[in-house]
Amino acid sequence: MKKLAYLLCGVCCLLLASCATSPENIRERVDFGEGWRFQLGDEPQAMNVAFADEDWRLLNLPHDWAIEGDFSEDNPSGTGGGALPGGIGWYRKTFVPEKADEGKLFRIVFDGVYMNSEVFINGVSLGHRPYGYITFSYDLTPHLKWGEKNVIAVRVDNSEQPNSRWYSGCGIYRNVWLVKTGAVHVAEWGTYVVSENVSDAQADLNIRTRVANELDASVQVKVRSSLIDAEGQIVASGETDCPLEAGKESETSQSLRVESPELWGVDTPYLYTLLTEVVQDGKTVDRYETPVGIRSFSFDAEKGFTLNGKPMKINGVCMHHDLGCLGAAVNVRAIERQLEILKEMGCNGIRCSHNPPAPELLDLCDRMGFIVMDESFDMWRKKKTSHDYARYFDEWYERDLRDFILRDRNHPSIFIWSIGNEVLEQWSDAKADTLSLEEANLILNFGHSADMLAKEGEMSVNSLLTKRLADMVKELDPTRPITAGCNEPNPANHLFKSDALDIIGYNYHNANIPDVPKNFPGKPFIITESNSALATRGYYRMPSDKMTICPDRWDKPYSDPTFACSAYDNCHVPWGNTHEETLKLIRDNAFISGQYVWTGFDYIGEPTPYGWPARSSYFGIVDLAGFPKDAYYLYQAEWSDKTVLHLFPHWNWTPGQDVDMWCYYNRADEVELFVNGKSQGVRSKTPDCLHAMWRVKFEPGSVKVVARKGGEVVGEQEIRTAGEPAQIRLTPDRAQLDADGKDLSFVTVEIVDKDGTLCPNADNLVNFQVEGNAFIAGVDNGSPISMERFKDNKRKAFYGKCLVVLQNTGKPGEAKLTATSEGLSQAEISVVAE
């Protein structure tokens, strides 16, 4: 069904594309990422047209220069920022706008530049933007030389560090677009579509459209809206007159009735396309497309979350923006792969932690069916690191928040806005407690009604700021609830006291969650961030029923010579919990709408609980290379409808050693373990324990688990003792690529014995060589402490595995990957691009 939906969506896109190339449509959105020159280091004259950049590196965007560097304890980002370099970099692009385009408007759009960017056109500064996660644009038109060379220059300053609590990346790390329109056009982010009165029988779409007139004279236009289904058929349409004053924007409103709508859901993420046409003097002067998902939802204080009238739990994960060895540079296939792995686990929700995401992530969540909590800021006025966004907040928060909401509000995958994460404004300080509401109004430059003054009397600056942010969001999008990730559960929390949050959101604090209905009567609740369980893929600390909490306290250092955390789900931080504990808590409390687990994938930076040489996280259910840890199968068993039988750990130990074998399973009444054919007993899960466990003596051979339901065998899994490493096994996730210069194949590299059994402790160095139309985009192995470069042609295996990522060169044809390692038989695979 999903494949059919994608196919139909593709047909629709082709139809619309044919419209977009018709002579009367002058809107173009051009990928502007090819052919940039880059130089690391400050070049004060690089803004000038005549500056000589021939010796600069030629590359395509998106680009992250930090991921190309070496790990170092001396890098100012610290281990929290991934111990990778920062600095100042310049980008330049020369282009020639055709004389035939003279009269059109040219706007350059940057989806994200980290950070402190300043953009120049032909030596003229267009402006600067400090926030590294926000989309922004500039009008190039007044400065262009038609039919001649023009130079865009961008200065990126990420030298003042630390400015982030995780790896940020450096540079123009998201896509850049050149948007061409006529003088009369749909304004930037100019449509707003809301579904109302949604049922299986019908739905109403309320559409607001902002149209801009850049002419010197007033004009009269018509705004035509057509809703197109996945098969390319128009299912509803309407037309409205719109008078436009010279040099101004005007907004129109329309209502469309959709009969028997296909509803958007996590299992059936059906998308329509709204085609907006601006017609002037009988001629279409602009076409603008907006994705539309028709759905209804609610958050209830007693019953939790409901989608399209059906109760469900939000089984979500938090995700930072890096893509492992690819760094922060956006790649659609890399994001899609992450989401595919999470979807296979049973995940249905993504929290964008803790900043506006790349638009491509939201597009994919729309298409693949995820419930997104879209987040604006990690800090407000109070800083968390020395040089973070707090120093820009007062000047920029209104612009950044406005642009964030306007950009994202049409995505059907977004169900919740988050205005902050663990902001320090949750707690009191003397200044906040002594300011009156009137004084706070003067500081924050906004007012409230007399009714509110009478009701509240006096409000802290922190509560007032919370309300200000929430009010801004509600003004732009009143259809979605607002929350914040709070790690202070006390109702005296200033964010809670503002009464501006529609949903109470806790980060952790499981012990306080049962009291939420009492402390916040009538308020829906969600766990905005859960667990922070720690695990290193392939490492097991026994006895498995002994819990390790590290560090002892959040502000204390922790040391262990292994620099590893046990993968048994018996290791977590002091403020967190095991995976099983939170799963049971949510299962047993209907009022909990769901959770966003910290985190779906490991990410670069924040290597809790360790310091140097650890440089990436241990929190992920999936490791940095995209290899699932064992907890992945716990969630798959509890969250998905797939049949799960996962026995772990491996079966390579010391003879006579006590080994704890765990099993995650579902769709069975019991599981029985056998060591070399001898039964070790039957086990069953209980409401208090979501896994089966046996403590057995190791003896070389095999260990097997058999699952039964109603006495009948429904599944088996066997793990054999591996011999010495003998060969390399290569498994590409995709052997067929698009010849677009961006598509990727993620190749799993395994060290196996002569019989093909994975060698679970192998750390062999593997060398890679590529021939043909691909190159190595990155290498990884999931180790949080590896000092190996991500951009290389070799990698050590980590617990038997590593990863090489192949990227198409932009040309069709075959590419062959050869992997070699001393003492091992080599391996080869091919991928083909068309």
> So does D660 pair up with R541, basic N to acidic O under 4.0 Å?
no
> For the aromatic rings, using the six-membered ring if either is Trp, is the centroid distance between F790 and F71 under 6.0 Å?
yes
> Does the distance from a Lys or Arg side-chain N to an Asp or Glu carboxylate O, for D792 and K794, drop under 4.0 Å?
yes
> Answer yes or no: is there an ion pair linking E788 with K796, defined by an N-O contact shorter than 4.0 Å?
no
> Does F648 have its ring centroid less than 6.0 Å away from the ring centroid of H646?
yes
> Can you pull out every salt bridge (Lys or Arg N to Asp or Glu O under 4.0 Å) where at least one residue sits in residues 609-626? Sequence neighbours excluded, please.
R537-D623
> Tell me the closest heavy-atom pair linking V831 and R734, and the distance in Å.
CG1-O, 3.8 Å
> At what distance, to the nearest 0.5 angstrom, does CG of L339 lie from CD1 of I350?
5.5 Å
> When you compare the side chains of W662 and S544, does any donor N or O come within less than 3.5 Å of an acceptor on the partner?
yes
> I'd like to check the salt bridge (charged side-chain N to carboxylate O under 4.0 Å, His left out) partners of K642; sequence neighbours left out, ordered by chain and number.
E344
> Tell me, do W554 and V573 make a side-chain contact under 4.5 Å, heavy atoms counted?
no
> Could you report the tightest heavy-atom contact between A774 and L806, atom names first, then the distance?
CB-CB, 4.5 Å
> Are Y610 and Y618 an aromatic pair by the rule of ring centers under 6.0 Å?
yes
> With a 3.5 Å cut-off and no angle check, do the side chains of Y508 and S532 form a donor-acceptor pair?
yes
> Identify the heavy atoms of G346 and S640 that sit nearest to each other, and give their distance.
CA-CB, 3.9 Å
> Are the side chains of I776 and V805 in touch, meaning some heavy atoms are under 4.5 Å apart?
no
> So which atom in C352 and which in L362 form the shortest heavy-atom distance, rounded to 0.1 Å?
SG-CD2, 4.5 Å
> May I ask you to say whether D755 pairs ionically with R720, meaning some side-chain N is under 4.0 Å from a carboxylate O?
no
> Under a 4.5 Å cut-off applied to non-hydrogen side-chain atoms, are L342 and F601 in contact?
yes
> What I want to check is whether the side chains of N773 and E814 have a donor and an acceptor closer together than 3.5 Å.
no
> Are the side chains of L326 and L744 in touch, meaning some heavy atoms are under 4.5 Å apart?
yes
> Checking R165 now: which residues fulfil salt bridge (charged side-chain N to carboxylate O under 4.0 Å, His left out) with it, not counting sequence neighbours?
D378, E606
> Could you check if a side-chain atom of I604 sits within less than 4.5 angstrom of a side-chain atom of I67, using non-hydrogen atoms only?
yes
> Let me see the working for S616 and D602 under side chain to side chain donor-acceptor pair (under 3.5 Å), right down to the final yes or no.
CA-CA 7 Å; S616 60; D602 281 341; over 6 Å; no
> Does either side chain, that of Q727 or that of S825, offer a donor lying less than 3.5 Å from an acceptor on the other one?
no
> Between atom CD of E581 and atom CD1 of I586, what is the distance when rounded to the nearest 0.5 Å?
10.5 Å
> Looking at CG of N666 and CD of Q636, how far apart are the two atoms once the value is rounded to the nearest 0.5 Å?
8.0 Å
> At what distance, to the nearest 0.5 angstrom, does OG of S821 lie from CG of N764?
4.5 Å
> Looking only at heavy atoms, what is the nearest atom pair of D753 and G723, with distance?
OD2-N, 2.9 Å
> Would you say the side chains of D630 and Y540 form a donor-acceptor pair under 3.5 Å?
yes
> For residues H579 and Y635, establish whether the separation of their ring centroids is below 6.0 Å.
yes
> Do you know which two heavy atoms are closest between K629 and A535, and how far apart they sit?
NZ-O, 2.7 Å
> Does a side-chain heavy-atom distance below 4.5 Å link R174 with Y133?
yes
> When the ring centroid of H320 is compared with that of W598, is the distance short of 6.0 Å?
yes
> Between D64 and C170, is any pair of side-chain heavy atoms under 4.5 Å apart?
yes
> Among residues at least two apart in sequence or on other chains, which ones pass salt bridge (charged side-chain N to carboxylate O under 4.0 Å, His left out) with K697?
D658
> Would you check if there is a donor-acceptor pair between the side chains of E422 and N507 at a distance under 3.5 Å?
yes
> Hey, is NZ on K791 packed in by over 12 heavy atoms from elsewhere, all under 6.0 Å?
yes
> Does a donor on one side chain sit under 3.5 Å from an acceptor on the other, for T582 and N510?
yes
> Sequence neighbours excluded, which residues qualify as side chain to side chain contact (heavy atoms under 4.5 Å, CB included) partners of N315?
K313, N348, W639
> Got a second to check how far T731's OG1 is from F746's CZ, nearest 0.5 Å?
15.0 Å
> Any carboxylate oxygen within less than 4.0 angstrom of a Lys/Arg side-chain nitrogen, looking at K685 and E638?
yes
> Between F370 and R351, is any pair of side-chain heavy atoms under 4.5 Å apart?
no
> So, D560 versus T562: side-chain donor-acceptor pair below 3.5 Å or not?
yes
> Would you give the length of the straight line joining atom CG of L817 to atom OG of S745, rounded to the nearest 0.5 angstrom?
8.5 Å
> Does anything in residues 321-334 pair up under salt bridge (Lys or Arg N to Asp or Glu O under 4.0 Å), and if so which pairs, sequence neighbours excluded?
R333-E336, R333-E340, R333-D733
> Measuring centre to centre across the rings, with the benzene-like ring taken for any Trp, is W575 within less than 6.0 Å of H572?
no
> Salt bridge or not for E718 and K704, using N-O below 4.0 Å?
no
